[in-house]
Engineer: 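Structure in structure tokens, see below.
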Amino acid sequence: QVQLVESGGGLVQAGGSLRLSCAASGRTLRAYTMAWFRQGPGKEREFVAAISWTGSNSRYGDSVKGRFTISRDNAKNTVYLQMNSLKPEDTAVYYCAADPRPIETAFYDYWGQGTQVTVSS
């Protein structure tokens, strides 16, 4: 079983940038598809981005394409989400998730506690 801890959230002005990190313990991240989801106030949970085991394949939600980048460092057991050109509608709790299945069939069994991102206008 893998444990996930997110960090890097905070308050930023619109147009700014933040980088979120997700550190894993318990198992090596190398064997997991990793993803970021978010849930804004009064909204349903939304898929943000996912990255394959090796980092060679990634996917993004339509609302973040071209602005966010997911990456991973398996040696550090850490996944990152670089968020640029932030908008107030990006305000949400961001969650890291992991799944041992390939990115095409991942269902995300493991979740972190989340980190708050607030974008002011």
Side-chain angles (χ1 to χ4, degrees):
Q1 190 167 353
V2 62
Q3 292 80 43
L4 305 172
V5 178
E6 303 94 337
S7 61
L11 174 64
V12 63
Q13 288 189 331
S17 299
L18 277 177
R19 189 176 81 156
L20 305 183
S21 299
C22 173
S25 61
R27 296 286 299 272
T28 176
L29 267 188
R30 194 182 312 273
Y32 291 84
T33 295
M34 300 299 298
W36 288 94
F37 289 78
R38 68 186 182 185
Q39 188 164 16
K43 298 180 181 179
E44 294 187 351
R45 188 174 63 194
E46 177 187 13
F47 170 76
V48 175
I51 190 166
S52 61
W53 297 331
T54 62
S56 61
N57 187 7
S58 60
R59 298 180 175 182
Y60 295 90
D62 288 341
S63 61
V64 306
K65 282 180 182 176
R67 300 188 298 121
F68 290 11
T69 302
I70 189 171
S71 62
R72 65 192 299 161
D73 185 337
N74 288 338
K76 295 184 178 179
N77 253 16
T78 302
V79 175
Y80 305 98
L81 184 68
Q82 178 66 45
M83 305 186 295
N84 298 329
S85 302
L86 282 161
K87 305 174 181 180
E89 50 264 44
D90 294 319
T91 295
V93 177
Y94 283 71
Y95 297 92
C96 177
D99 194 289
R101 288 166 284 219
I103 192 171
E104 294 82 4
T105 57
F107 197 70
Y108 303 107
D109 298 322
Y110 305 103
W111 294 83
Q113 293 299 308
T115 185
Q116 176 71 46
V117 172
T118 303
V119 184
S120 63
S121 57

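Values below: every heavy atom of this structure, side chains too, minus hydrogens, waters and symmetry copies.
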Engineer: For the backbone of Ser52 and the side chain of Arg72, can you confirm whether one donor and one acceptor N or O come within less than 3.5 Å of each other?
Structural biologist: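 Indeed, once roles are kept as given, a pair shorter than 3.5 Å links the two residues.
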Engineer: Would a distance-only check, ignoring hydrogens and angles, find a side-chain to backbone donor-acceptor pair under 3.5 Å from Asp99 to Thr105?
Structural biologist: no
Engineer: Do the side chains of Leu81 and Val117 join up, straight or via other hydrophobic residues, at under 4.5 Å, putting them in one cluster?
Structural biologist: yes
Engineer: Of all heavy-atom pairs between Ala98 and Tyr32, which one has the smallest distance, and what is that distance?
Structural biologist: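 Heavy atoms of Ala98 and Tyr32 come nearest at CB-CD2, 3.9 Å.
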Engineer: More than 12 heavy atoms of other residues, nucleotides or ligands under 6.0 Å from CD of Gln13: is that the case?
Structural biologist: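 Counting neighbours around CD of Gln13, 12 or fewer heavy atoms of other residues, nucleotides or ligands fall under 6.0 Å, so no.
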Engineer: Working to the nearest 0.5 Å, report the span between CD of Glu44 and CD of Gln39.
Structural biologist: 8.0 Å
Engineer: Show which side-chain atoms of residues 60-67 pair as donor or acceptor with protein atoms under 3.5 Å away, not counting sequence neighbours.
Structural biologist:
{"from": "Tyr60", "atom 1": "OH", "to": "Ile70", "atom 2": "N", "distance (Å)": "2.9"}
{"from": "Asp62", "atom 1": "OD1", "to": "Lys65", "atom 2": "NZ", "distance (Å)": "3.2"}
{"from": "Ser63", "atom 1": "OG", "to": "Arg38", "atom 2": "NH2", "distance (Å)": "3.2"}
{"from": "Ser63", "atom 1": "OG", "to": "Glu46", "atom 2": "OE2", "distance (Å)": "2.9"}
{"from": "Arg67", "atom 1": "NH1", "to": "Ser85", "atom 2": "O", "distance (Å)": "3.0"}
{"from": "Arg67", "atom 1": "NH1", "to": "Asp90", "atom 2": "OD2", "distance (Å)": "2.7"}
{"from": "Arg67", "atom 1": "NH2", "to": "Ser63", "atom 2": "O", "distance (Å)": "2.8"}
{"from": "Arg67", "atom 1": "NH2", "to": "Asp90", "atom 2": "OD1", "distance (Å)": "3.0"}
{"from": "Arg67", "atom 1": "NH2", "to": "Asp90", "atom 2": "OD2", "distance (Å)": "3.4"}

Engineer: For Ser121 and Pro88, which heavy atoms make the closest approach, and how far apart are they?
Structural biologist: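 Looking at all heavy atoms of both residues, the shortest contact is CB-CG, 3.9 Å.
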Engineer: Going by side-chain heavy atoms closer than 4.5 Å, which hydrophobic residues are tied to Trp111, directly or by a chain of links?
Structural biologist: Phe37, Phe47, Val93, Tyr95, Tyr108
Engineer: Please check this pair: side chain of Ser56 against backbone of Thr54, looking for a donor-acceptor N/O pair closer than 3.5 Å.
Structural biologist: no
Engineer: Just so I know, are the side chains of Asn77 and Thr28 near enough to count as touching, which here means a heavy-atom distance under 4.5 Å?
Structural biologist: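 Yes, close enough: below the 4.5 Å cut-off.
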Engineer: Identify the heavy atoms of Leu18 and Leu86 that sit nearest to each other, and give their distance.
Structural biologist: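 Distance-wise, the nearest heavy atoms are N-CD1, 3.9 Å.
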Engineer: Look at the side-chain heavy atoms of Ile, Leu, Val, Met, Phe, Trp and Tyr, link any pair under 4.5 Å apart, and say whether Ile103 and Tyr80 land in one connected group.
Structural biologist: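 Each belongs to a different hydrophobic cluster.
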Engineer: Write down the atom of Ala92, the atom of Gln116, and the distance for their closest heavy-atom approach.
Structural biologist: O-NE2, 3.4 Å
Engineer: Ignoring hydrogens and angles, write down the donor-acceptor pairs under 3.5 Å from the side chains of residues 2-11, residues two or more places apart or on other chains.
Structural biologist:
{"from": "Glu6", "atom 1": "OE1", "to": "Gln113", "atom 2": "N", "distance (Å)": "3.1"}
{"from": "Glu6", "atom 1": "OE1", "to": "Gly114", "atom 2": "N", "distance (Å)": "2.9"}
{"from": "Glu6", "atom 1": "OE2", "to": "Cys96", "atom 2": "N", "distance (Å)": "2.8"}
{"from": "Glu6", "atom 1": "OE2", "to": "Gly114", "atom 2": "N", "distance (Å)": "3.2"}

Engineer: Could you check whether any side-chain N or O of Thr78 sits under 3.5 Å from a backbone N or O of Asp73, counting only pairs where one atom can act as donor and the other as acceptor?
Structural biologist: no
Engineer: Looking only at non-hydrogen atoms, find the nearest pair between Trp53 and Ala31 and report the distance.
Structural biologist: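 It is NE1-O, 3.4 Å.
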Engineer: Which heavy atom of Ser17 sits nearest a heavy atom of Gln82, and at what distance?
Structural biologist: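 In terms of heavy atoms, the two residues are closest at CB-NE2, 3.9 Å.
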Engineer: For the pair Thr115 (side chain) and Tyr94 (backbone), establish whether a donor and an acceptor sit closer than 3.5 Å, ignoring hydrogens and angles.
Structural biologist: no
